[in-house]
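Written out below as structure tokens is the structure these notes cover.
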Amino acid sequence: MKLFSSVNDVTDIQSLVKEALHLKQNPYAYQQLGKNKTLGLVFLNPSLRTRMSTQKAGLNLGMNVMVLNMDKEGWALELQDGVIMNSNTVEHIREAAAVLGQYADIIGLRSFPGLKDRNDDYSENIFNKFVKYCGVPVVSLESATRHPLQSLADLVTIEELKTTPRPKVVMTWAPHIKALPQAVPNSFAEWMCKADVDFTIVHPRGYELCGDFTQGATITHNQDEALADADFIYVKNWSAYEPYGKIFSGNEDWMLTNERLKITNNAKIMHCLPVRRNLELSDEILDGKNSIVVHEAANRVWAAQAVLKRMLETLS
Ligand code: CP
């Protein structure tokens, strides 16, 4: 594997999930694979889980790991070609990515969307330019439209904790005060549509996701109907795709409570984190026995390790 940017870069999802669960049982079994190999993690935006779990995954595989918080510590990046750089940007992505590719055997990149220009965000302008110019395998640490390491960890978690062969998985929109990207819900939908699950997306009218990511999902606007008999509930806020990046008021009652859980099949509650308590998810849910959000975050290590192992096998 030379690129991990979406589910489409994976030939056999089930085999990658199995690999992650195997690594969870045998974290240090492949330390020779990463010996004298360097992982460079480049963040254009903040992170807790992705940064630490991917770093740990690289270390478990015997790699050296370097982290660059480019948004705070790097030079201001220019993305446009042919411009006269006489304003605030200091370094062009052409040189920055090419140089980083000289220092690392594998690079991870986090590049959030601006949420202003949909065409620019959905073209994955920053991520694709970085891939083009760095010249080494690249792992997405969340791009403008997708978060594949999160989605793989989510699928690993469902596989691990499911009690029926084909569980009902419901992704429900949740309230928030800020406009958040569609990357996590796009990506979760894309992975669930290819997994062996019964998948439903429920959201208020106006929050329809781009149809490219939801082919095969049941999509509805009635939260109670959607949650009925659910085995897993994936809670997430996102801003509108059309009009792009906008949020609408009046949906505060979409926050999940214990009362709503009664109609589910004792559903396990997932969230990628960070989560705003009592806005997106109630204290009673997060502190209750059905929440698996920390277990899910822990699985980020094994998802990242499975992907890095596949990339290292390509290198050697
Ligand atoms: N879920 C997730 O990607 O968390 P961070 O933004 O903290 O990395």
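Everything numeric in this text was worked out from a predicted model, so none of it was measured. One-based numbering, in listed order, for ligands and for the atoms of each.
The His147 neighbourhood of ligand 1 comprises atoms 2 (C), 3 (O), with distances under 4.0 Å to a heavy atom of that residue. Taking a cut-off of under 4.0 Å to the non-hydrogen atoms of Cys272, the atoms of ligand 1 that pass are 1 (N). Residue Arg300 approaches ligand 1 through these ligand atoms, each under 4.0 Å from one of its heavy atoms: 1 (N), 2 (C), 3 (O).
Between the side chain of Asp117 and the main chain of Asp120, a donor-acceptor pair closer than 3.5 Å is present.
Of the candidates Gln14, Arg166, Lys162, Asp196 forms a side chain to side chain donor-acceptor pair (under 3.5 Å) with just one, namely Arg166. The one candidate from Arg49, Arg300, Glu142 that meets the side chain to side chain donor-acceptor pair (under 3.5 Å) condition with Gln150 is Arg300.
Only backbone heavy atoms of Leu273 (N, CA, C or O) come within less than 4.0 Å of ligand 1; its side chain stays farther off.
Summary of contacts: the protein heavy atom closest to atom 7 (O) of ligand 1 is Leu48 N, 2.7 Å.
Ring orientation note: the planes of Phe188 and Tyr234 are close to parallel, at an angle under 30° on the 30°/60° scale.
Asn128 and Lys132 are not linked by any side-chain donor-acceptor pair at a separation below 3.5 angstrom, with hydrogens and angles left out of the test.
Which of Glu142, Arg110, Arg49 comes nearest to atom 6 (O) of ligand 1 through a heavy atom is settled by distance: it is Arg110.
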